[in-house]
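A short write-up of the structure that comes next.
Throughout, a chain's letter reflects where its sequence line sits, starting with A, and its residues are numbered from 1.
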Amino acid sequence: MAKRIDVSDLDIFYGNFKAVEGVNVSIEPRSVTALIGPSGCGKSTFLRSLNRMHEVIPGARVEGKVVIDGQDLYGSDVDPVDVRRQIGMVFQRPNPFPTMSIYDNVVAGVRLNARKMKKSDLDDLVESSLKGANLWNEVKDRLDRPGSGLSGGQQQRLCIARAIAVQPEVLLMDEPCSALDPISTLAIEDLMTELKDRFTIVIVTHNMQQAARVSEQTGFFNLNGVGQPGRLIEFNPTEKIFSNPDQKATEDYISGRFG
Amino acid sequence: MTTTAPPRREAPEPEAPAVRTRRRLPRFGGTALFVAGLVVAGLLTALSGWSWGLFAVYGVVLGSLVTYVGSRVVEGSRKATDRLVTCLVSSAFAIAMVPLVSLVYTVVSNGITRLDGTFFSNSMVGVVGEGGGAYHAIMGTLIITALATLISVPIGLMAAIYLVEYGRGKLKKTLTFFVDVMTGIPSIVAGLFAYAFFAIFFGPGVRFGIGGAVALSVLMIPVVVRSSEEVLKLVPNELREASYALGVPRWRTITKVVLPTAIAGLGTSVTLAIARVIGETAPLLVIVGITAATNFDPFDGRMATLPVYAYYQLTQPGVPPQFGIDRAWTAALVLIIIVMALNVVARLISRFFAPKTGR
């Protein structure tokens, strides 16, 4: 059920400010695609435009095309809510719903959308999602406790479980490990490797080792100067990016000789 | 004296200690100095004829002065400044407490005499002198306030949701401005508004409970809007985004994520808004009036309410006046108790409904 994403001539705006310009890329299904680049170059903005979360911000808009398996996400007849049901997202800071238990957090996507489901099916869904997120063994005895009582790494995995419980086709991750310790990071990286059999994963990261470890394809974003839009400088297989990149800027960034 | 004081530490080791030790006042030294200043102030006041106001002024000035000088001599200037500011801040707090304590004391001591069963079970029908109660006024206050709450909470809450979740640009700014203006409306204006409004339909001289509820709503809505708005703003945006990212529509995000997260604060804000309007007198005087009998029907005829009841018992106490005045004080006491109970309820709400973080 993983799908291919084709982006063509995508410009992303905040009001009148053009944040990202002219992105052309195609993201392979059943793989991990990493986006790297300096802060403020538009990686997260680009990621958020892939499931129409970008337009939640007042004044934000997008020009260009994002096509998933032949369907244009920004077509006039497409409901952003449907898009987000197909394309899940995990955020930088773990954000479980504080009023809900661990169980309710996992089934939040089902419950909040008022889909009717039998109790036994819900139980199965919780178990499979938590197992998928590598959290089941740690929380199976306290599913009714509040999700905000977990540690940071566990909360982030809970958020991943919540995102995969709605069975999306694509999973977007916006620096999912930036607030986590190396052990939790490792757990989540292992998780990505497992999940890519089923999902198309796009991850934004500041950690180049992480990009090198988990991804098949890597995109490098950069901007020419303050106040100018970010661009996708290079998009290539990860090995190529990290050994023999096409662009000088990519090489400078990766080797730390930047700016 | 500070400069000539011998060093307290005998230093056997040649190198200087890492942390310099300083002379300090004993544990309650600061308080003792302040009290000494107070005693001097008391003596000074007694010399020129006793007066509490004079004593307070002398006490604060002399107490702070003695503490400052004493501390400066012993501990040095930085510590002395610290103690001086502590003295001034504590004195300001004590002075602020005076009217509150005095008010509560007066109301309780005057109102306690009639705080009996009769007061809670009888109305004023046929009562001229002794006896009588405020059953009708208590019920009236509860009914009218409940109706006002029923009107203002949905409107106020939805307005707050609009302002936080949907409002954009100029319209939002204008609305916020007018809500702020409404917060400052004098209560008598709200009463006159309700009177004028209902007089159009029912002719001049209209008096009924629902009119009072409408007048109170005019006062209550802006309070509910403002406080709910602040509470809703506190809900982290990340939770909304998490919900949107799961493909949950906005209205469901609001009802299932935002409101439950904010429920404790919303409960508190509503309770405090009720406490704010329950003691309003002027609008009820205009549109609800007063009656001696119990009237449960807010759509028909005058009703008694506690503040208006207290007002009439005090201004038209009858002969002999003492019984009426006693009833007025007790009505005031009951009102204070109700408001206090509401505040306690607000605290309980925020404690029990707050999102749990326990492991």
Side-chain angles (χ1 to χ4, degrees), chain A residues 48 51-59 79-102 104-115 139 142 144-151 154 158-159 162-168 171-174, chain B residues 157 161-176 228-229 231-269 348-359:
Chain A
R48 288 167 63 93
N51 70 341
R52 298 193 66 169
M53 281 295 289
H54 176 64
E55 63 204 73
V56 170
I57 299 161
D79 183 358
V81 169
D82 285 332
V83 172
R84 290 177 205 139
R85 282 178 193 173
Q86 289 179 36
I87 306 180
M89 188 160 189
V90 176
F91 295 85
Q92 184 171 2
R93 294 219 336 241
N95 50 4
F97 298 122
T99 49
M100 299 183 192
S101 65
I102 294 172
D104 289 337
N105 259 293
V106 177
V107 296
V110 177
R111 285 252 173 91
L112 292 181
N113 284 322
R115 263 192 280 151
V139 300
R142 45 172 176 163
D144 56 338
R145 309 299 299 275
S148 44
L150 298 171
S151 75
Q154 289 172 328
L158 178 62
C159 293
R162 181 176 68 187
I164 59 181
V166 290
Q167 279 143 14
L171 197 56
L172 308 176
M173 298 176 139
D174 189 359
Chain B
L157 203 55
I161 291 174
Y162 173 79
L163 286 178
V164 176
E165 305 286 337
Y166 293 90
R168 296 260 160 91
K170 272 220 172 90
L171 183 61
K172 177 182 172 178
K173 276 201 186 119
T174 320
L175 284 178
T176 314
S228 310
E229 193 189 346
V231 170
L232 291 176
K233 273 190 198 154
L234 287 181
V235 174
N237 216 15
E238 292 152 17
L239 296 182
R240 296 188 184 96
E241 294 205 330
S243 180
Y244 293 147
L246 289 171
V248 180
R250 185 184 261 189
W251 69 275
R252 275 189 168 276
T253 302
I254 293 169
T255 51
K256 301 274 172 158
V257 174
V258 177
L259 290 184
T261 309
I263 190 77
L266 294 177
T268 312
S269 78
L348 290 180
I349 288 177
S350 64
R351 178 167 307 170
F352 287 120
F353 285 91
K356 302 183 176 48
T357 50
R359 279 167 196 252

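- B:Glu238 places none of its side-chain heavy atoms less than 4.5 Å from the side chain of A:Phe91.
- In this structure, the portion of A:Ile87 lying under 4.5 Å from any heavy atom of chain B is its backbone and not its side chain.
- Heavy-atom distances place no part of A:Pro80 under 4.5 Å from chain B, backbone and side chain included.
- To the nearest 0.5 Å, the span separating CE on A:Met53 from OH on B:Tyr244 amounts to 8.0 Å.
- The candidate with the highest count of non-hydrogen atom pairs below 4.5 Å against chain B, out of A:Arg93, A:Gln86, A:Met100, is A:Arg93.
- Between A:Asn113 and B:Pro249 there is a side-chain heavy-atom pair separated by less than 4.5 Å.
- In terms of heavy-atom proximity, A:Met89 sits nearest to B:Ala245 at CB-CB, 3.8 Å.
- Among pairs with a residue in residues 250-259 of chain B, those fulfilling side-chain hydrogen bond (donor to acceptor under 3.5 Å, both in side chains) read B:Ser243-B:Thr253, at least two apart in sequence or across chains.
- Legend: residues meeting side chain to side chain contact (heavy atoms under 4.5 Å, CB included) with B:Leu234, ordered by chain and number and at least two apart, are absent.
- Considering all non-hydrogen atoms of both residues, A:Asn95 and B:Ala242 come closest at ND2-CB, 3.4 Å.
- Only the side chain of A:Arg48 comes within contact range of chain B, with at least one heavy atom under 4.5 Å from a heavy atom of that chain.
- Between A:Pro98 and B:Leu239 the shortest heavy-atom distance is CD-CD1, 3.4 Å.
- Each of B:Arg168, B:Glu241, B:Arg240 has some count of heavy-atom pairs under 4.5 Å with chain A, and the biggest count is that of B:Glu241.
- The closest side-chain heavy-atom distance from A:Arg162 to B:Leu246 is below 4.5 Å.
- No side-chain heavy atom of A:Phe97 sits under 4.5 Å from any side-chain heavy atom of B:Thr261.
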